[in-house]
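Below you'll find the structure, written out as structure tokens, and then a few comments.
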Amino acid sequence: MDARLRLYNTLSRKKELFEPLNPPFAGLYVCGPTVYGDPHLGHARPAITFDLVFRYLLHLGYKVRYVRNITDVGHLEADLDEGEDKIAKKARIDQVEPMEIAQYYADRYFTFMGALNVKRPSIEPRASGHIIEQIRMIQQILDKGFAYIENGSVYFDVKKYSEFYDYGKLSGRILEDLMTNTRTLEGQEEKHNQADFALWKRAQPEHIMRWPSPWSDGFPGWHLECSVMGVKYLGETFDIHGGGMDLLFPHHESEIAQCQAALGHESVKYWLHNNMITINGQKMGKSLGNFITLEEFFTGSHKELSQAYSPMTIRFFILQAHYRSTLDFSNEALQAAEKGLKKLMTGYETLTRLIEANPGCEQPGRPADPENGSIASKLNESCYAAMNDDFNSPIVIANLFEAVRFINAVNDNNDTGSLQELPTLKNVFDVFLFEILGITKETEDGQQLIVNGLMDLILSIRQKSRINKDWGTSDQIRDALQKLRIAVKDGKEGSTWSPGN
RNA sequence: GGUUUCGUGGCCGAGUGGCUAGGCAGCGGUCUGCAAAACCGCGUACAGCGGUUCGACUCCGCUCGAAACCUCCA
């Protein structure tokens, strides 16, 4: 087994050994949300993917600085209002200040990502707070001769750039194709070439989000912020840059070009890209209008949803697929995830109970089968191997299911010979399920304590009727609870209950 | 048209040149007052056609099909 982390670098299209530039430090930059709409399932994929990366790097002992930007400026609307900032457009509709919109949706984003147990990054910088730095980088690119000024706007000169460097190396694009194949958009006649992209745009009079610059009152181009903030907080070269596959071109390609042009070298060592979530085989996205917001998932209020799905179900659903695969949404798949997760959590509870009931087993490291090593430590190794192989969370989950089968077998057979495996097994769950995969028990609040008390009471009454073989009463209670979506299970040592089906 | 990626059993999804993925659903059984859970067992797979190979689902080529990107998008 290779105990070292390997990750798939989009730049080389190969799995590479992770060797950070300045160990024990590791830098991670991920393209964050544009805050002009409610967070949907598509936002959850990269957030959870790179949360997994973040958590695993931390677990391996790296001192990680994780930067994820908030885009609150600079994305152009290409359809009806060309040249107008998306946030500004929404603001005009709602008759409020653009920053108020950005603030509102940023807050929503944080709230829902929090529900998904996504760790907050070390730094969450906003594009609007880095206008000065962006202006400086534009000036650097101009000074090096890789940009030109046209009517108050500044454009990146892709043709000039590709005389020295390879524009297209990340996405596999060929420059000649880009020059000829790019669709002609209105208001783009200032460009010398179709493939050129804006570094600074002069604002039209009705454009409300604007800042002064040496060239005009305007706003920065839409690829610039990530280059600027990545370099500012992680250094001129840093380890990992992540994002969705849809950002590969032109966004990340242009980021590489901007850094190369301004700094004389590239800034990113490993490029990581998560795949898309599809709905009926099609990408789920804002512009397609087929997205389901996270709020709708949590409440079940969308016509495509047959029920509500808890945040942990969503998280588990996403982690059950490898991050570089597309993941197709369906109610059936979500329900399977819900049940699978429940099985895992029940298994963990059984494990905890077994350890409490058998204080003698609290000496880890004594394998039941010394010939072949313990099952628990094998699973542990297998989980590390999976994570080291480009963050293969589905394999980790498969291992955890195997652990559950083992736990249940011990529980059923009272196999005392295997009890000493349990502490190690608990450690595997604590590390992989909770710490690295970031699954949590769904929260219990004050109401829950009352419910617990009531349920204890009800089940003790039912137990009495069962002892008296009063099946009518006992079934009446169970059926009534069933209608409230509370499942009762009768075991040898009394009954237990759980919410859900 | 170009670039990138993919096509695995009822559904979702891993993986490998020869040895069980896993989950959900289904069927049979054990257990149980019944049920649920759990456990045991079972079934239908690697789009098609060629090639390389002792042997390919796994490598190569072609065909068919799908998606993303080429335009803001996670």
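Throughout, a chain's letter reflects where its sequence line sits, starting with A, and its residues are numbered from 1.
Judged by Watson-Crick or G-U wobble contacts below 3.5 Å, the nucleotide rG7(B) has rC64(B) as its partner. In this structure, rG1(B) forms a base pair with rC70(B), meeting either the Watson-Crick or the G-U wobble geometry with both donor-acceptor distances under 3.5 Å. Using N1 to N3 plus N6-O4 or O6-N4 for Watson-Crick, or N1-O2 and O6-N3 for G-U wobble, each under 3.5 Å, rU52(B) pairs with nothing. With both pairing distances under 3.5 Å, rA25(B) is matched to nothing as a Watson-Crick or G-U wobble pair.
The NZ-P distance, from Lys489(A) to rA37(B), rounds to 8 Å in whole Å. His322(A) has its NE2 atom 6 Å from the P atom of rG15(B), to the nearest Å. For Tyr309(A) and rC24(B), the OH to P distance is 16 Å, given to the nearest whole Å. In this structure, Asn392(A) places its CG atom 15 Å from P of rG22(B), rounding to the nearest Å. Nucleotide rC12(B) holds its C1' atom 12 Å from the CZ atom of Phe329(A), rounded to whole Å. Atom C1' of nucleotide rC24(B) and atom CD1 of Ile397(A) are separated by 14 Å, given to the nearest angstrom. Note: CD1 (Ile314(A)) to P (rC12(B)) measures 17 Å, nearest angstrom. In this structure, Asn399(A) atom CG and rG23(B) atom C1' are separated by 13 Å, rounded to whole Å.
rG7(B) and rC46(B): their P atoms are spaced 14 Å apart (whole Å). For the C1' atoms, the distance linking rC57(B) with rG18(B) amounts to 12 Å, nearest Å. For the P atom pair drawn from rA21(B) and rC27(B), the interatomic distance equals 23 Å after rounding to whole Å. The C1' atoms of rA67(B) and rU30(B) are separated by 46 Å, rounded to the nearest whole Å. Nucleotides rC12(B) and rC54(B) are separated by 37 Å at their C1' atoms, to the nearest Å. Rounded to whole Å, the separation between the P atoms of rG48(B) and rG10(B) comes to 14 Å. The C1' atoms of rG9(B) and rG26(B) are separated by 13 Å, rounded to the nearest whole Å. Comparing rA66(B) with rU71(B), their C1' atoms sit 22 Å apart, to the nearest whole Å.
Residue contacts shown for Leu41(A) are absent, as no nucleic acid heavy atom lies under 4.0 Å away. Residue contacts for Lys343(A): at a heavy-atom cut-off of 4.0 Å it reaches the sugar-phosphate backbone alone, with no base atom in range. Base contact: Gly42(A) has a heavy atom under 4.0 Å from a base atom. Base engagement by Arg466(A) is indicated by at least one non-hydrogen atom pair under 4.0 Å involving a base atom. In this structure, Met245(A) reaches neither bases nor backbone, as no heavy-atom distance under 4.0 Å exists between it and the strands shown. At the heavy-atom level, Ile277(A) lies under 4.0 Å from base atoms of the strands shown. Using a 4.0 Å heavy-atom criterion, one finds that Asp328(A) contacts the sugar-phosphate atoms exclusively.
Mapping Gly340(A) and Gly32(A) onto RNA chain B by nearest heavy atom places Gly340(A) at the nucleotide closer to the 5' end. Where Leu247(A) and Gln320(A) each meet RNA chain B at their nearest nucleotide, the meeting point lying more 5' is that of Gln320(A).
Ion pairing of Arg202(A) with Glu190(A) is absent here, as no side-chain N (NZ or NE/NH1/NH2) approaches a carboxylate O to less than 4.0 Å. The existence of a salt bridge linking Arg462(A) and Asp490(A) is confirmed by a sub-4.0 Å separation between a basic side-chain nitrogen and an acidic carboxylate oxygen.
Under the 30°/60° scheme for interplanar angles, the aromatic rings of His273(A) and His252(A) are found to be tilted.
Within the 3.5 Å criterion, the main-chain N or O of Ile439(A) finds no donor-acceptor partner in the side chain of Asn117(A). Put simply, the side chain of Arg45(A) never gets that close to the backbone of Asn274(A): no donor and acceptor are under 3.5 Å apart.
Under 3.5 Å, the side chain of Ser474(A) and the base of rG33(B) form at least one donor-acceptor pair of N or O atoms. Judged by distance alone, with hydrogens and angles left aside, Arg478(A) brings a side-chain donor or acceptor within reach of the base of rC34(B), the pair sitting under 3.5 Å. Taking only distance into account, the side chain of Asp475(A) meets the base of rG33(B) through a donor-acceptor pair shorter than 3.5 Å.
Checking the phosphate oxygens (OP1, OP2) of rG13(B), no side-chain nitrogen or oxygen of Ser325(A) falls inside 4.0 Å.
Which of rC12(B), rG33(B), rC40(B) sits closest to the side chain of Arg462(A) comes down to rG33(B). With rA37(B), rC24(B), rC12(B) as the candidates, the nucleotide lying closest to the side chain of Ala336(A) is rC24(B). Among rC11(B), rC39(B), rC72(B), the nucleotide with an atom closest to any side-chain atom of Asn408(A) is rC39(B). Distance from the side chain of Asp490(A) is smallest for rC34(B) among the nucleotides rC69(B), rC34(B), rC12(B). Of all nucleotides listed (rC24(B), rU4(B), rC11(B)), rU4(B) comes nearest to the side chain of Arg13(A). Across rC69(B), rG22(B), rG13(B), the shortest atom-to-atom separation from the side chain of Ala398(A) is found for rG22(B). Distance from the side chain of Ala321(A) is smallest for rG13(B) among the nucleotides rG13(B), rC69(B), rC40(B). With rG22(B), rG2(B), rA38(B) as the candidates, the nucleotide lying closest to the side chain of Arg173(A) is rG2(B). Nearest nucleotide to the side chain of Lys339(A), out of rC24(B), rC69(B), rG23(B): rC24(B). Side-chain atoms of Pro250(A) lie closest to rC70(B) of the nucleotides rC40(B), rC70(B), rU5(B).
For the residue pair Asn411(A)/Thr350(A), the side-chain donor-acceptor check at 3.5 Å is not satisfied. Using a 3.5 Å distance cut-off with no hydrogens or angles, the side chains of Asp38(A) and Thr293(A) do not pair a donor with an acceptor.
Results of the salt bridge (Lys or Arg N to Asp or Glu O under 4.0 Å) test with Asp390(A) over Arg324(A), Lys14(A), Lys15(A), Arg6(A) single out Arg324(A) as the only residue that passes.
A stacked arrangement is assigned to Trp471(A) and the six-membered base ring of rG33(B), with a centre-to-centre distance below 5.5 Å and an interplanar angle below 30°.
Taking the ring centroids of Phe317(A) and Tyr309(A), they lie at or beyond the 6.0 Å cut-off.
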